[in-house]
2 protein chains.
Amino acid sequence: MSDTDLKDERIEDADLRDESLAASEFPEDPDGEPETESESLDEDNRLKADYVRAVKDALWEEDFDRVYELVEPLHPADIADLFELVDADERPVLARSIRDLMGVEVIAELNDWVRELLVETLPAEVVAGFAGELDTDDAVAMLEDLDEDNQRAVLAEMEPEDRAAIESALSYPDESAGRMMSREFVAVPETMTVGDLIDFLREHRELPTEFWEVFIVDPMHRPIGTCVLSWILRCPRNIPLYDVMKREQTLIPVDMDQEEVALRFQKYALISAAVVDTSGRLIGQITVDDVVHIISEEAGEDALLLSGAGDGDINEPIRDAWSGRVRWLIANLLTATLASAVIAMFEDTIAAMVALATLMPIVAGLGGNAGTQTLAVTVRALAMNQLTPSNAWRAVRREMSIALLNGGTVAVIIGLAVSLIFGNPMLGGVIAAAMMTNIVIAGMAGVLIPLALERLNADPAISSSVFVTMTTDSMGFLVFLGLATMSGLVG
Amino acid sequence: MSDTDLKDERIEDADLRDESLAASEFPEDPDGEPETESESLDEDNRLKADYVRAVKDALWEEDFDRVYELVEPLHPADIADLFELVDADERPVLARSIRDLMGVEVIAELNDWVRELLVETLPAEVVAGFAGELDTDDAVAMLEDLDEDNQRAVLAEMEPEDRAAIESALSYPDESAGRMMSREFVAVPETMTVGDLIDFLREHRELPTEFWEVFIVDPMHRPIGTCVLSWILRCPRNIPLYDVMKREQTLIPVDMDQEEVALRFQKYALISAAVVDTSGRLIGQITVDDVVHIISEEAGEDALLLSGAGDGDINEPIRDAWSGRVRWLIANLLTATLASAVIAMFEDTIAAMVALATLMPIVAGLGGNAGTQTLAVTVRALAMNQLTPSNAWRAVRREMSIALLNGGTVAVIIGLAVSLIFGNPMLGGVIAAAMMTNIVIAGMAGVLIPLALERLNADPAISSSVFVTMTTDSMGFLVFLGLATMSGLVG
């Protein structure tokens, strides 16, 4: 009943009676002191600059024994961090110096860009060796970004079984549940008792060593319930699983987008979930440790997307970062010319009163700030499914109220200041009215534009801010210079 | 050895042999179809607008049986969502209509603001009842935002034991591990065997029902290792825990900030972790489901902080949102006056050539965009501990390279366009040179300002963008108008 996609590595891991597991690979810490006391990590649990420098010096001096000695005590996640911290050209040398420390945990933890560049420098059979030891989801992450020739070369070097699993995962869309899921899980029929299950687990050494739930399936291999392990441990042996399992469970369709998967895990506080194919059969599981990275990525990408910084990873090659960002700058250049055209309509007014040119960027800029605030709040609420068609109008009314309060406050301050500084209450009145108007327009644009894009099935984080800035700039200049002209302030 | 802070609710939950658990409270789904087929949820797993409207109509008509009937099939997490989607004044009525569905899962899942407002409308003894049933961490989340009088009133109504646990949690700093941790966990001495542990778990009904790891402690109650349950299930009964446990573990000091806790969980892919006091004794555990919310919040807050939108929750009261955002706008108003003062220095130049006034916002605006991109990337990398003193200079060099490429591209476009449109190659040259300079300055400001703030132990997400915008605005106007003046373009 359980998945048969066995891994040599896992069988070895599963050998719990073996004394190799009793002798931990990590130094014992008898004080129970938190590991922030470490020699290589600083108080924020980052590798110390001194430590990284020592590794780089040893690499430079080609003292590979020293490199090994320095790196050996690190946790695999810290070795992965070390790869990010040394320079790109030092990474292949580092990998060679610590070959037998380059376990699957290190490869799995590496930043995508760093892994891609590193993997490209390694021979296909070495990459295939790593891929064979990794969980399917991590192997897929390693191979999916390789170019087609490299990918084919690596797959050709792999065991047929592993290759089949990876090819099947690669057949699912990018960023879908099918790419993320692991094919190693425990599934048993409902007719088993707690005792049967414990015996089954003790006998089947090829099962994954770490799992959090057991899936109960019907004869068609469709999930009908789940049992967290703590329930099983606490029940007498004779209780049938049928009476212990929880029937309500969140099933993940194999083609579900990873962002949606992450939202389900968050909403229902899941530890693991069954992945089903279109006919409802259990084909994999997703565990929370794989989702945690996605939650962080998806939540963090809003700031990057709103600023037009694309992927925004500091390990992204410069060429890619440039082409991602320059597109955004050019889009903003086009919208800026619109604002420019608005100003050009009022050249006579400005010529008559140059002070207007000094004040107009304040009106446009503050509108931009206010619009960006509303936009950030709206985009976040949309991403978290907090803002839905049911409460969209309430959100719009709320933003309008805040805009009126903000606009009022800022308008009074700037109006008084300009009246006093320029000794011209009329100019103060014009800038106050323009400021109020532009901040209200900014609030409206900041909430309506992302809502409209969401309705059109576009990602509101990606394009909203160009439109919002265009609106606040153009309207800021138009309202300020227009009011100045009409009010008879000039001439 | 285990924690003795017992909960009635938990004891009841733990009664796994009871048939009440076999009869699930959720409808069976024999097809194994994903629950997106539901009548109340749309394809994105959000409550449908029609459904929310039906509940609101029933509330309005005071047809509370209908309300109950509609809400009963929902998952607790969806009931929590429903509270967010109905209007604030409907929430207390909704809570009263579905009193016995208002379980602890609903209270725990409620948005902080919605919970705070709702809890304030409930009598102290009802709140105390909920708090007694919740896990300590959820009870603390519910009570920590109440004003002092209310908090004291609720605590007075609670069982002494629960009150003590909550008061102890409240004694730790806001957003620290002590506030997040649960006091319910399983800790056993290393002398036990696997069989002893299983018997212990079967006999002690008061232990938590859901847990993922068992902590092994020494006689001083200091953690010396952990055992995930799947290892225990797979080992013969006679194996001592000493030989199964993993010695390497991440211990969380009780005063660690929640952001740091979330980073540890992410970095080391933890499911649960032991919380220790200053003398290294095990006093609580944190599980990944509590951390997932924090990871999402902390990652998502960058966009909100960079825009100055404060908490940025759409359920935050308008007054709070206003006071949070207006402070930011006033700060920006002050920096905008600096840019204004720069323009004022060149009033004669502008009077001589008004076209400069139409073009100057383009230079300042594009610089602002480029600076914001760099800033978003840098702030994110700092938050993820990807950017440390070890690679700071590489990041600065990288941003400079990207800025030169971006600046070059945009300068060529704007230079040619202005030369052609205005028929003035000199003006084109001036704006191209100003654009190039400002984008490079923007790149420098976008990476150096957050690095400097981080070095000064300030949160770079909070204040960087005011400084960056100030720099790009002022320098944009200064360089463009200054070059125009010096180049002899005017007069």
Side-chain angles (χ1 to χ4, degrees), chain A residues 16 22 24 26 32 34 46 49 52 77 85 201 211 222 229-230 233-235 243 247-248 251 253 267 269 280 289 295-296 299-300 302-304 307 309 312 314 318 322 325-326 332 336 340 343-344 347 351 354 357-358 362 365 369 372-373 376-377 381 385 388-391 401 405-406 409, chain B residues 16 22 24 26 32 34 46 49 52 77 85 201 211 222 229-230 233-234 243 247-248 251 253 267 269 280 289 295-296 299-300 302-304 307 309 312 314 318 322 325-326 332 336 340 343-344 347 350-351 354 357-358 362 365 369 372-373 376-377 381 385 388-391 401 405-406 409:
Chain A
L16 292 170
S24 166
F26 299 99
R46 305 173 305 187
V52 177
L85 293 174
L201 293 173
F211 52 94
R222 292 179 304 202
L229 300 188
S230 53
L233 272 170
R234 309 194 55 191
C235 278
D243 282 352
R247 280 180 177 69
E248 187 258 346
L251 300 176
K267 180 169 173 179
D289 49 313
I295 291 175
S296 165
D302 280 359
L304 298 166
S307 76
I314 57 165
I318 288 176
W322 167 57
R325 294 195 209 171
V326 81
N332 271 283
S340 209
I343 302 173
E347 284 201 345
V354 181
T358 65
I362 302 183
N369 290 145
T372 306
Q373 289 180 332
V377 172
N385 277 348
T388 76
S390 312
N391 60 348
S401 309
L405 288 168
N406 279 338
T409 314
Chain B
L16 292 170
S24 166
F26 300 100
R46 304 174 304 188
V52 177
L85 292 174
L201 291 173
F211 52 94
R222 291 178 305 202
L229 300 188
S230 53
L233 272 170
R234 307 193 57 191
D243 282 353
R247 281 181 177 69
E248 186 258 346
L251 301 176
K267 179 168 175 180
D289 51 313
I295 291 175
S296 165
D302 280 359
L304 298 165
S307 76
I314 58 164
I318 289 176
W322 166 57
R325 293 196 210 170
V326 81
N332 271 282
S340 208
I343 301 173
E347 282 200 348
I350 293 173
V354 181
T358 66
I362 302 183
N369 291 143
T372 306
Q373 289 179 334
V377 172
N385 278 348
T388 76
S390 312
N391 61 347
S401 310
L405 288 167
N406 280 337
T409 315

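Reminder, nothing fancy here: chain letters follow the sequence lines and each chain counts from 1. FYI, side chains are in, hydrogens and waters are out, and symmetry mates aren't considered; it's all heavy atoms of this structure.
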Colleague: Taking every heavy-atom pair that is under 4.5 Å apart, which of A:N332, A:D289, A:T372, A:V52 has the most such pairs with chain B?
Modeller: A:N332
Colleague: With only heavy atoms counted, which part of B:T409 is less than 4.5 Å from chain A, the side chain, the backbone, both or neither?
Modeller: side chain
Colleague: Work out which heavy atom in A:S296 is nearest to a heavy atom in B:I295; give both atom names and the distance.
Modeller: CB-CG2, 3.7 Å
Colleague: Hey, which of A:L201, A:N385, A:V326, A:N406 has the most heavy atom pairs under 4.5 Å with chain B?
Modeller: A:N406
Colleague: Would you mind telling me which of A:A336, A:A49, A:G300, A:A376 has the largest number of heavy-atom pairs within less than 4.5 Å of chain B?
Modeller: A:G300
Colleague: If we define contacts as heavy-atom pairs under 4.5 Å, which of A:S307, A:P389, A:A344 has the most with chain B?
Modeller: A:S307
Colleague: Using the side chain to side chain donor-acceptor pair (under 3.5 Å) criterion, which residues pair with B:N391? Sequence neighbours excluded.
Modeller: none
Colleague: With respect to chain A, which residue among B:T388, B:L304, B:I314, B:I350 yields the maximal number of heavy-atom pairs within a distance under 4.5 Å?
Modeller: B:I314
Colleague: Distance from B:R325 atom CZ to A:N369 atom CG, nearest 0.5 Å?
Modeller: 12.0 Å
Colleague: Would you check, one step at a time, whether the test side chain to side chain contact (heavy atoms under 4.5 Å, CB included) holds for B:L233 with A:L229?
Modeller: CA-CA 8 Å; B:L233 272 170; A:L229 300 188; 3.6 Å; yes
Colleague: Show the nearest heavy-atom pair for residues A:I362 and B:S340, with the distance to one decimal.
Modeller: CD1-OG, 3.6 Å
Colleague: For A:T358, enumerate each residue passing the side chain to side chain donor-acceptor pair (under 3.5 Å) test, keeping only those at least two apart in sequence or located in another chain.
Modeller: none
Colleague: Relative to chain B, which of A:A269, A:S390, A:A309 shows the most heavy atom pairs under 4.5 Å?
Modeller: A:S390
